[in-house]
Amino acid sequence: MQFKYSLLFVTFFTFTLGHAQREIPFGKISTEEREFITYEKDSTANAVVMYEKGNNFFAIIADRIRLVKEYRVKIKILKQEGYRHGTINIPYYHNDKVTETVKNIKAVTHNGGAQTYLAAKDIFDSDITDRWSEKKFTLPNIKVGSILEYTYRIESPFIFNFNGWYFQSDIPKMYSEFNAKIPANYKYNRTLTGTLQLAVNNATIKKACFDVPGYNNPADCEVLKYVMKDIPAFKTEEDYMLAASNYISHLDFEMSELHNLDGTRERYTKTWKDVDHEFKTDRDIGRQLTKKGFFEKNVPLALFDNKDPFIKAKNIYAFVKGHYNWNGKYSIYTNNSVKEAFENKSGNVGEINMSLINLLNAANVKTNLVLLSTRKNGLPKQNHPVMSDFNYIVAKVEIDGKDYLLDATDKFMPFGMLPFRCLNYYGRVMDFKNESSWYDIKAYAKNQVITAIKLDFDETTGKGFGIISETRLGYDALSRRKTIAAVSEEEYLTKKEELLGDAFVLNTYKFQTSKSSDEKTLERFEFEIADLLDQETIYLNPFLIKFFRENPFVLSERNYPIDFGYQRAYKYRMTIAVPKNYEITQIPKQKAISLPENSGRLIFSCTQQQNQIALNFNLSLNRTQYPAPFYEGLKQLFNEVVEVQKNSIIVLKKK
């Protein structure tokens with residue numbers, strides 16, 4: 001049977017190559033398509049795109065220039081989980097004056113030789129936002145083995161909405177083709193994102209292809225054709241990644257220049273010099289950074305008294321964090337008012353951090369605004385300004401030749417650290433006295449979780465008892481502070497006991513304030529475990545606390561980087577005093593595993609000296625980001641981490 005599937009796949013693969021050249025009319029399927037029942041390149045796929053094609057071009061419709069976008073696709077359903085691909089949403093844009101129109105929707109479900117067409121009454125129209133609506137429908141009579149085929153056409157008055165093309169999606173595609181025909185007076189920047197290669201990348205010029213009534217000279221056109229084949233699914237069900245838009249294979253178009261029919265020209269792609277000038281005079285950005293006088297009059301003068309610029313900057317930062325409550329909004333381009341935000345003690349990211357910049361500059365601490373894009377928003381393009389790429393503002397402070405990045409929206413954030421959402425590699429420093437420039441964002445490096453446990457036994461009662469000391473540094477300390485602040489101490493300790501197990505009782509708890517700081521937390525727990533010595537043979541898993549209960553990496557392969565955001569280290573130390581009437585009969589074997597280029601390591605050892613057992617576990621991740629080729633090594637490393645924590649058994653036997 002497996003051999004039959006292989007033949008079908010090879011036959012179909014050959015067919016798809018021909019299919020691109022000889023398009024089968026809508027509503028028809030070939031024998032190869034009908035008999036195709038599995039996709040050997042991804043046995044986990046619940047559906048596969050067999051064929052996909054898009055056409056973007058300009059046309060004269062009702063005496064107006066319109067952008068036309070046509071789309072057609074065939075999807076094979078391989079498992080019941082793939083039924084969801086039969087519900088289709090077609091978004092379209094509109095404003096108060098004009099709208100895109102969705103036309104010529106046709107959809108059919110093929111089940112063998114039978115066909116079930118979508119009825120017009122089953123196409124629904126609904127609003128998404130005040131600017132976006134959608135056509136929605138579900139193809140009828142979907143079964144495992146069905147082929148779903150649909151097509152539609154969008155006519156748009158918005159020439160800026162020359163959407164790109166996503167070659168990759170959450171299911172594999174066997175063939176994806178995008179075509180475009182662009183008159184020469186429309187200039188678009190285009191960017192191909194992702195690691196997958198184009199099978200076809202053609203650009204030609206077609207003479208006199210676009211004729212506008214009333215104008216004597218038809219425009220030439222650039223004719224584009226892009227094809228990818230055997231495209232793997234982009235699977236995002238794992239953690240430790242930046243925005244999918246950074247890696248999923250897709251083609252972007254951005255209007256750069258428009259030559260109007262009257263001979264005038266409009267340029268849309270700007271230089272950073274243009275952007276610098278606009279930001280300096282913009283009412284929501286540049287003008288909000290000229291309010292030093294307002295803040296000097298409305299904040300305690302003591303903020304400016306200290307002669308040490310570092311202490312002065314820390315005091316101002318603490319004041320702004322305490323004064324404002326962040327409203328959760330990232331807005332940086334519209335309706336910013338630092339005066340209003342100050343009076344309301346609440347504001348968006350832009351208002352709070354521009355208030356911080358104003359205050360620092362008022363205190364003669366050199367500070368500039370930095371434009372960022374958050375991790376979920378995607379990396380900003382560096383080859384030319386795309387201002388919509390940015391959605392965040394922070395402050396860059398320079399003191400004695402050293403730079404500090406500050407964000408006052410998070411009341412727990414230490415001086416010189418940024419929230420995890422901001423750890424997105426680089427930002428743009430908007431120095432209004434000089435030119436703006438790119439700036440690398442480096443995460444705080446000393447991030448550790450250190451757990452030390454001492455376990456003793458009471459041979460009279462059979463109980464185990466001991467002390468847990470937990471030290472956290474950097475982002476791990478920040479996370480722990482937020483956890484503690486969010487609940488009562490009783491709730492916090494109840495949750496801790498649940499993680500430790502039913503037999504555990506926490507008797508005392510102390511947060512060691514004197515030994516803690518903004519970047520460090522120390523906690524001490526005293527515990528007991530009932531009935532540990534109630535058996536002739538004791539099987540003890542020494543990992544009372546587990547850093548990773550499951551492997552976070554489960555994909556068979558991953559074609560985009562693994563991004564932890566910051567370097568991490570986990571240390572676990574445990575000493576066990578063996579009861580006098582027991583002897584050690586088994587301890588775990590040591591392990592040592594390293595990733596290439598000293599980028600990560602697991603070291604585990606367990607030793608015995610007379611009546612004491614000493615266990616040491618060290619896991620270090622020395623990079624913030626690992627390229628995709630490291631995935632298999634990381635996956636194996638974490639398999640070992642989970643294995644060590646789950647199955648390291650110490651056996652004690654009564655003498």
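What you are looking at is a predicted structure, and each value in this text was computed from that prediction instead of being measured. Below, each value reflects all heavy atoms present in this structure, side chains not excepted, and no hydrogens, waters or symmetry copies. Position 1 is the first residue of the sequence; numbering continues from there.
- Side-chain contact between Phe604 and Leu619 is absent, with no heavy-atom pair separated by less than 4.5 Å.
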Give the intermediate values and the outcome of side-chain contact (heavy atoms from CB on, under 4.5 Å) for residues Leu192 and Tyr226.
CA-CA 10 Å; Leu192 180 64; Tyr226 304 103; over 6 Å; no
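- Rounding to the nearest 0.5 Å gives a distance of 6.5 Å between CD of Glu238 and CZ of Phe553.
- Look at Asp410 and Lys482 and you find a salt bridge, because one of the NZ, NE, NH1 or NH2 atoms lies within 4.0 Å of a carboxylate O, short of that distance.
- Using a 30° and 60° split on the angle between ring planes, Phe525 and Tyr509 fall in the tilted class, from 30° to 60°.
- Of the possible donor and acceptor atoms, none in the side chain of Lys646 sits under 3.5 Å from a partner among the backbone N and O of Glu550.
- Contact annotation: the side chain of Ile603 never approaches that of Ser605 to less than 4.5 Å [non-hydrogen atoms, C-beta and beyond].
- Under the 4.0 Å criterion applied to side-chain N and carboxylate O atoms, Lys381 and Glu254 are not assigned as salt-bridge partners.
- Remark: Glu52 engages Lys173 in a salt bridge, criterion side-chain N to carboxylate O under 4.0 Å.
- The aromatic ring centroids of Phe167 and Phe178 lie 6.0 Å or more from each other.
- The closest donor-acceptor contact from the side chain of Asp276 to the backbone of Ser436 lies under 3.5 Å.
- Judged by distance alone, with hydrogens and angles left aside, the side-chain atoms of Ser346 form a donor-acceptor pair with the main-chain N or O of Asn325 at under 3.5 Å.
- Taking CG from Asp389 and CG from Leu372, the interatomic distance works out to 12.5 Å, rounded to the nearest 0.5 Å.
- The minimum heavy-atom distance between Leu356 and Tyr317, with the atom names listed, is CD1-CA, 4.0 Å.
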Do Phe638 and Leu634 pass the side-chain contact (heavy atoms from CB on, under 4.5 Å) test, and can you show the C-alpha distance, the side-chain angles, and the key distance before you say yes or no?
CA-CA 6 Å; Phe638 275 87; Leu634 274 168; 4.1 Å; yes
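- With hydrogens and angles disregarded, no donor-acceptor distance shorter than 3.5 Å links the side chain of His250 to the backbone of Thr193.
- Pairing each heavy atom of Ala628 with each of Asn559, the nearest pair is CB-C, 3.8 Å.
- Leu473 meets the side-chain contact (heavy atoms from CB on, under 4.5 Å) test with Gln448, Thr471, Lys520; sequence neighbours excluded.
- For Pro232 against Leu196, the heavy-atom pair with the smallest separation is CD-CD1, 3.9 Å.
- Contact of the Met228 side chain with the Ser249 side chain is registered, since non-hydrogen atoms from C-beta on lie closer than 4.5 Å.
- With hydrogens and angles disregarded, a donor-acceptor distance shorter than 3.5 Å links the side chain of Ser373 to the backbone of Gly378.
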Might you work through the salt bridge (Lys or Arg N to Asp or Glu O under 4.0 Å) test for Glu640 and Lys591, ending with a clear yes or no?
CA-CA 9 Å; Glu640 293 295 339; Lys591 288 190 177 181; 2.7 Å; yes
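- Separation of atoms CG (Leu455) and CD1 (Ile468) is listed at 9.5 Å; rounding is to 0.5 Å.
- By the 30° and 60° cut-offs, the orientation of the rings of Phe420 relative to Tyr566 is perpendicular.
- The shortest heavy-atom contact between Leu379 and Asn424 is CD2-O, 3.2 Å.
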Evaluate the side chain to side chain donor-acceptor pair (under 3.5 Å) criterion for residues Asn358 and Ser355: first the C-alpha distance (whole Å), next the side-chain angles of each, then the deciding distance (0.1 Å), finally the verdict.
CA-CA 5 Å; Asn358 272 298; Ser355 298; 5.7 Å; no
For Phe564 and Tyr626, what are the C-alpha separation, side-chain angles and deciding distance, and is it a side-chain contact (heavy atoms from CB on, under 4.5 Å)?
CA-CA 8 Å; Phe564 290 98; Tyr626 293 81; 3.6 Å; yes
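- Classification of Asp170 and Arg84 as a salt-bridged pair holds, one side-chain N sitting under 4.0 Å from a carboxylate O.
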I'd like to know whether Glu470 forms a salt bridge (Lys or Arg N to Asp or Glu O under 4.0 Å) with Lys496, so could you lay out the CA-CA distance, the side-chain angles of the two residues, the decisive distance to 0.1 Å, and finally the verdict.
CA-CA 12 Å; Glu470 287 190 343; Lys496 189 76 172 179; 2.8 Å; yes
Quick one: do Asn551 and Asn639 satisfy side chain to side chain donor-acceptor pair (under 3.5 Å)? Show the steps, please.
CA-CA 6 Å; Asn551 190 338; Asn639 275 338; 2.8 Å; yes
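- Counting only distance, with no hydrogens or angles, the side chain of Tyr330 and the backbone of Thr374 share no donor-acceptor pair below 3.5 Å.
- The environment of Gln625 atom CD is dense: over 12 non-hydrogen atoms of other residues, nucleotides or ligands sit within 6.0 angstrom.
- Taking all atoms of both residues into account, the shortest heavy-atom contact from Ala477 to Arg472 is CB-O, 3.3 Å.
- To the nearest 0.5 Å, the span separating CG on Leu418 from OH on Tyr392 amounts to 8.0 Å.
- No more than 12 heavy atoms of other residues, nucleotides or ligands lie within 6.0 Å of CZ in Arg601, so this atom counts as exposed by the packing criterion.
- Within a 6.0 Å radius of CD in Glu498, other residues, nucleotides and ligands contribute more than 12 heavy atoms.
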Check against side chain to side chain donor-acceptor pair (under 3.5 Å), Thr44 and Lys235
CA-CA 11 Å; Thr44 66; Lys235 299 177 181 180; 2.9 Å; yes
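- Distance check: Phe543 CZ to Asn647 CG gives 11.0 Å after rounding to the nearest 0.5 Å.
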Report the C-alpha distance between Phe548 and Gln645 in whole Å, list the side-chain angles of each, state the deciding distance to 0.1 Å, and finish with yes or no for side-chain contact (heavy atoms from CB on, under 4.5 Å).
CA-CA 8 Å; Phe548 294 91; Gln645 293 178 123; 4.0 Å; yes
Phe234 and Tyr560: ring-ring contact (aromatic ring centres under 6.0 Å, His included), yes or no, with the steps?
CA-CA 9 Å; Phe234 189 85; Tyr560 51 91; 4.6 Å; yes
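- In this structure the side chain of Arg623 never reaches within 4.5 angstrom of the side chain of Leu595, judged on heavy atoms.
- To the nearest 0.5 Å, the span separating CG on Asp407 from CE on Met413 amounts to 7.0 Å.
- When the shell of 6.0 Å around NZ of Lys411 is examined, it contains more than 12 heavy atoms from other residues, nucleotides or ligands.
- Within a 6.0 Å radius of CD in Glu435, other residues, nucleotides and ligands contribute 12 heavy atoms or fewer.
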Quick one, Tyr425 with Asp563, criterion side chain to side chain donor-acceptor pair (under 3.5 Å). Give me CA distance, side-chain angles, the key distance, then yes/no.
CA-CA 11 Å; Tyr425 289 89; Asp563 190 285; 2.4 Å; yes
Could you list the donor-acceptor pairs under 3.5 angstrom formed between side-chain atoms of residues 394-406 and any protein atom two or more places apart in sequence or on another chain?
unit_1	atom_1	unit_2	atom_2	d
Asp403	OD2	Tyr439	OH	3.2

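- Here the side chains of Thr483 and Val487 are not in contact, with every heavy-atom distance at 4.5 Å or above.
- The backbone N or O of Asn353 lies less than 3.5 Å from no partner atom in the side chain of Tyr324, so there is not a single donor-acceptor pair.
- The heavy-atom pair separating Arg421 from Thr409 by the smallest distance is NH2-OG1, 3.0 Å.
- The backbone N or O of Tyr475 lies less than 3.5 Å from no partner atom in the side chain of Ser479, so there is not a single donor-acceptor pair.
- In this structure, the side chain of Thr575 does not engage the main chain of Ala614 through any donor-acceptor pair within 3.5 Å.
- Proximity of a side-chain donor or acceptor of Glu497 to a complementary backbone N or O of Thr494 within less than 3.5 Å is not detected.
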